[in-house]
Amino acid sequence: MLNVEEYMKPNPYLRPPRPCPELWAPPEPSQGLRHIAMRSRGSSRGHIALDDRLVDFESRLERNVVLAILARPNTAHVVEQTPRVTYVDDDGKTHEHVFDLRVIRTDRTKVAVFVKPSELVRPAHRRMLRLIAEQMSPEVANEVLLVTERKLSRADLYNAELIQEVRREPDPDDDAVVARLISDMTGPVNISDLIEISGLHGYAFRAIVRAIAAGEIRLTDPGMITPTARIERHRH
């Protein structure tokens, strides 16, 4: 059992806080085509601060989908409440629909994302998405994707939250140390082994997570990013 002196002893592995800048520039507003009212009694609404702009969400499911997509190495850009498209239904009537998200991947592929709880997805929604996919210009999107909570596992959500957190405080020096260790990897290793070799303690774990998010390394098996997980170099 620790005594008071031992309990109050500073943690030698904890770095002092970074100095705060004198000036702070607030993020730019959402780039979405449709304004989201933040006040709602029936859903969870808010913003995600992404680089220098805000991404709005109308429900917790939308928030989780945005974070999960941002956690993928092949995601280059995400904008909510876009694109706005028109399509002709089976009766020849013209309709307008605004998608929940447009995702631009690193290969410049554009994906229009429709987010809906699985219990609320109807055959009419699936038919609408098929019609839009058939009629939509590739300049607007190359693919239409329906995402429900069933597409997101517990590990997906955990990893997405973790990646978003470590990206908020990047450290180029830590990332450079981990990058050198990754370049020396010849096969799968435990994350804990890489942490021990680095000498950075918990800060190495954060840098390793950022390397996973960047696609430099990947988990050998699907699951949560934890010190016991195994990783390997991502062969590009």
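Residues satisfying the salt bridge (Lys or Arg N to Asp or Glu O under 4.0 Å) criterion with E143, sequence neighbours excluded, are R105. For E196, the side chain to side chain contact (heavy atoms under 4.5 Å, CB included) test picks out no residue, with sequence neighbours left out. In this structure, the side chain to side chain contact (heavy atoms under 4.5 Å, CB included) partners of D156, at least two apart in sequence or on a different chain, are S153. The salt bridge (Lys or Arg N to Asp or Glu O under 4.0 Å) test applied to R72 returns no partner, not counting sequence neighbours. Take I104 and apply the side chain to side chain contact (heavy atoms under 4.5 Å, CB included) test, not counting sequence neighbours, and it matches H77, R108, K110. Residues passing the salt bridge (Lys or Arg N to Asp or Glu O under 4.0 Å) test with R63, sequence neighbours excluded: E161. With sequence neighbours excluded, no residue forms a salt bridge (Lys or Arg N to Asp or Glu O under 4.0 Å) with E28. Applying the side-chain hydrogen bond (donor to acceptor under 3.5 Å, both in side chains) test to D90 and every residue at least two apart in sequence or in another chain returns R127. For L14, the side chain to side chain contact (heavy atoms under 4.5 Å, CB included) partners two or more places apart in sequence, or in a different chain, are N11, Y203.
Put simply, CG on D193 and CD1 on I231 are 9.0 Å apart, with the number rounded to the nearest 0.5 Å. K116 contributes atom NZ, which lies 8.5 Å from atom CZ of R122 (distance to the nearest 0.5 angstrom). For the atom pair R167 CZ and E165 CD, the distance stands at 12.5 Å (nearest 0.5 Å). To the nearest 0.5 Å, atoms CD (E149) and CG (L61) are separated by 6.5 Å. A distance of 9.0 Å separates CG of N74 from OG1 of T109, quoted to the nearest 0.5 Å. The distance from the CG atom of L145 to the CG atom of L101 is 9.5 Å, given to the nearest 0.5 Å.
Of all heavy-atom pairs between I163 and A213, the closest is CG2-CB, 3.6 Å. A229 and L219 get closest at one heavy-atom pair: CB-CD2, 3.9 Å. The two residues I182 and R233 make their nearest non-hydrogen contact at O-CD, 3.1 Å. Heavy-atom minimum distance, A71 versus A160: CB-CA, 4.0 Å. For the pair P73 and A214, the tightest heavy-atom approach, listed with the atom from each and the gap, is CB-C, 4.0 Å. For the residue pair G223 and A155, the shortest heavy atom distance occurs at C-CB, 3.6 Å.
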Show me the donor-acceptor pairs, under 3.5 Å and distance only, between side chains in residues 172-180 and residues at least two apart or in other chains.
from	atom 1	to	atom 2	distance (Å)
D174	OD1	R15	NH2	2.9
D174	OD2	R15	NH1	2.8
D174	OD2	R15	NH2	3.4
D175	OD1	R210	NE	3.0
D175	OD1	R210	NH2	3.0
D175	OD2	R210	NE	3.4

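Residues L67 and L162 do not share a hydrophobic cluster, clusters being chains of Ile/Leu/Val/Met/Phe/Trp/Tyr side chains in contact below 4.5 Å. In the hydrophobic clustering of this structure, V55 groups with V111; members are Ile, Leu, Val, Met, Phe, Trp, Tyr whose side-chain heavy atoms approach within less than 4.5 Å, directly or through other members. Under the 4.5 Å side-chain contact rule for hydrophobic residues, M224 and L152 do not share a cluster. No continuous path of ILVMFWY side-chain contacts below 4.5 Å connects L54 to V65, so the two sit in separate hydrophobic clusters. No single ILVMFWY cluster, assembled from side-chain heavy atoms under 4.5 Å apart, contains both L70 and I225.
Using a distance-only test at 3.5 Å, with no hydrogens or angles considered, no donor-acceptor pair links the side chain of N190 to the main chain of S192. Side chain of R230 to main chain of P188: a donor-acceptor pair is present (N/O by atom type, distance under 3.5 Å, no hydrogens or angles). Judged by distance alone, the side chain of E62 and the main-chain N or O of F57 form no donor-acceptor pair under 3.5 Å. Proximity of a side-chain donor or acceptor of D91 to a complementary backbone N or O of K93 within less than 3.5 Å is not detected. At distances below 3.5 Å, not a single donor-acceptor pair connects side-chain atoms of S118 with backbone N or O atoms of T148.
A 6.0 Å sphere centred on CD of E134 holds more than 12 heavy atoms belonging to other residues, nucleotides or ligands. Around the CD atom of E96, the shell of radius 6.0 Å holds more than 12 heavy atoms that belong to other residues, nucleotides or ligands.
Side-chain contact between E232 and I217 is absent, with no heavy atoms from C-beta onward closer than 4.5 Å. When side chains are defined from C-beta on, R126 counts as touching R130, because their heavy atoms get closer than 4.5 Å. Using a 4.5 Å cut-off on side-chain heavy atoms (C-beta onward), E58 and Q81 make contact.
Side-chain heavy-atom separations under 4.5 angstrom define the hydrophobic clusters, and the remaining members of the one that includes M128 are V85, Y87, F99, F114, V121, L129, L131, I132, M136, V140, V144, L146.
Of the options I195, V189, L194, a side chain to side chain contact (heavy atoms under 4.5 Å, CB included) to I191 is made by I195 and by none of the others.
Residue pairs meeting the ring pair (Phe, Tyr, Trp, His ring centres under 6.0 Å) criterion with at least one partner in residues 154-201, sequence neighbours excluded, are Y13-H201.
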